[in-house]
Amino acid sequence: MKSEPEDFSIEDLRTRKNQTEPWTGVRNYQARNYMRDGMKPGDLIFFYHSNITPPGIAGLAEVASEPFPDPTAFDPSSKYYDPKSGTHGTTWMCVDVKYVETFPRLLPLDEIRRIPGASAMALLRPGSRLSVQPVTAREFEHIMAWIRKYPEAPPSAKGPAPRPQALPARSFKAGPPKTKPLPTTRGKSQ
DNA sequence: GCCAACGTTGGC
DNA sequence: GCCAACGTTGGC
């Protein structure tokens, strides 16, 4: 999961009450689908810092709730307010995210490109902008083994980091919702 | 700050 | 349903 540390960093998460924060504000269908359909409590998350120099993985968090309707979608004062949300519900979902650990150093994107076993990560694809992305168990293990092995500095890199090509076609597209807005527990009890 | 790569919007 | 215009993301 990506966040601009200026907005919300892993240190912000660590110092939150219960070290937990609802991951609100996701307004992309594919990213929402990963949260809604692809996560369960206890799943580990790479906490990625974007839009800084250098960008990279800052540490680990974990999924700490089932998916639930994103409260900011109902809040007119929120920058994530979605006027299409209402008593019928909202299409936008979030999960609670809980702090696990901060890596001994930020693992930079450029270094991730060089990690054997990580080269197919969704994160490394050109134009990959999704704020919530899948990580395979294998990719996860390779990244973890790497940061454990090189907690202070990477081995000296030789040559430019490999740049994977964009996929010829997307594996699927999320598109606008074919489903109705999801029911919520707002208002009356269900 | 630039710009490529997307996703969304809305006219038709 | 097409597609141009527009807005956003995020590395560089």
Side-chain angles (χ1 to χ4, degrees), chain A residues 1-13 21-39 45-61 67 69-70 72-86 88-95 97 102-103 105-115 118-135 139 142-143 146-147 154 156-182:
Chain A
M1 299 177 99
K2 297 185 190 174
S3 182
E4 303 187 16
E6 202 138 312
D7 290 345
F8 189 77
S9 70
I10 196 166
E11 185 61 10
D12 293 326
L13 182 61
E21 181 77 2
W23 205 262
T24 57
V26 171
R27 296 292 179 271
N28 172 285
Y29 291 110
Q30 197 174 347
R32 178 211 57 188
N33 291 349
Y34 284 130
M35 280 198 294
R36 186 188 63 186
D37 309 328
M39 290 186 175
I45 300 162
F46 286 137
F47 196 117
Y48 182 88
H49 282 179
S50 65
N51 253 309
I52 46 153
T53 307
I57 300 173
L60 296 180
D70 181 340
T72 64
F74 301 101
D75 178 2
S77 71
S78 168
K79 69 187 239 191
Y80 300 117
Y81 177 58
D82 172 19
K84 294 202 225 38
S85 305
H88 56 282
T90 181
T91 188
W92 303 119
M93 307 288 282
C94 63
V95 294
V97 164
T102 302
F103 284 172
R105 63 188 173 93
L106 184 98
L107 183 57
L109 180 61
D110 197 57
E111 189 177 332
I112 298 171
R113 296 186 193 286
R114 304 170 182 279
I115 299 178
S119 61
M121 288 183 78
L123 175 69
L124 301 183
R125 288 212 292 273
S128 156
R129 300 179 314 168
L130 275 189
S131 62
V132 181
Q133 304 189 348
V135 177
E139 289 161 353
H142 279 104
I143 299 270
W146 183 271
I147 193 66
S156 61
K158 37 177 187 260
R163 293 308 196 94
Q165 296 294 100
L167 293 183
R170 265 164 284 149
S171 44
F172 71 93
K173 61 174 164 185
K178 291 159 185 93
T179 53
K180 297 205 181 77
L182 293 154

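What you are looking at is a predicted structure, and each value in this text was computed from that prediction instead of being measured. Proteins come first, then strands; the chains are lettered A, B, ... in the order of their sequence lines, and each starts at number 1.
Atom CD1 in A:I57 sits about 12 Å away from atom P in C:dG11, given to the nearest Å. In this entry the distance linking CD1 of A:I52 with P of B:dG1 reads 19 Å, nearest Å. One can place CG of A:L124 at 10 Å from P of C:dC12, the figure rounded to the nearest angstrom. We find that CD1 of A:I112 is positioned 13 Å from C1' of C:dG11, with the value rounded to whole Å. A straight line from CG of A:D82 to C1' of B:dT9 spans 14 Å, rounded to a whole angstrom. The CG-P distance, from A:N51 to B:dC3, rounds to 17 Å in whole Å. What separates NE2 of A:H49 from P of C:dT9 is a distance of 17 Å, to the nearest Å.
Two residues, A:R27 and A:G127, neighbour DNA chain B, and the one matched to the more 5' nucleotide by heavy-atom proximity is A:G127.
With sequence neighbours excluded, the residues forming a side-chain contact (heavy atoms from CB on, under 4.5 Å) with A:S3 are A:F8, A:W23, A:F47, listed by chain and number. Residues meeting the salt bridge (Lys or Arg N to Asp or Glu O under 4.0 Å) test with A:E11, sequence neighbours left out: A:R14. Here A:E111 pairs with A:R105, A:W146 under the side chain to side chain donor-acceptor pair (under 3.5 Å) rule; sequence neighbours left out. With sequence neighbours left out, A:E139 forms a salt bridge (Lys or Arg N to Asp or Glu O under 4.0 Å) with no residue at all.
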Worked verdict on A:H49 versus A:I10 for side-chain contact (heavy atoms from CB on, under 4.5 Å): CA-CA 8 Å; A:H49 282 179; A:I10 196 166; 3.9 Å; yes
Sequence neighbours excluded and cut-off under 3.5 Å, please list the side-chain donor-acceptor pairs for residues 127-134 of chain A, or say none.
unit_1: A:S128; atom_1: OG; unit_2: A:A122; atom_2: O; d: 3.1
unit_1: A:S128; atom_1: OG; unit_2: A:Q133; atom_2: NE2; d: 2.5
unit_1: A:Q133; atom_1: OE1; unit_2: A:L123; atom_2: N; d: 3.0
unit_1: A:Q133; atom_1: NE2; unit_2: A:L130; atom_2: O; d: 3.1

What does the list of N/O pairs under 3.5 Å between the protein and nucleotides 5-8 of chain C look like, with a distance for each?
unit_1: C:dT8; atom_1: O2; unit_2: A:R129; atom_2: NH1; d: 2.7

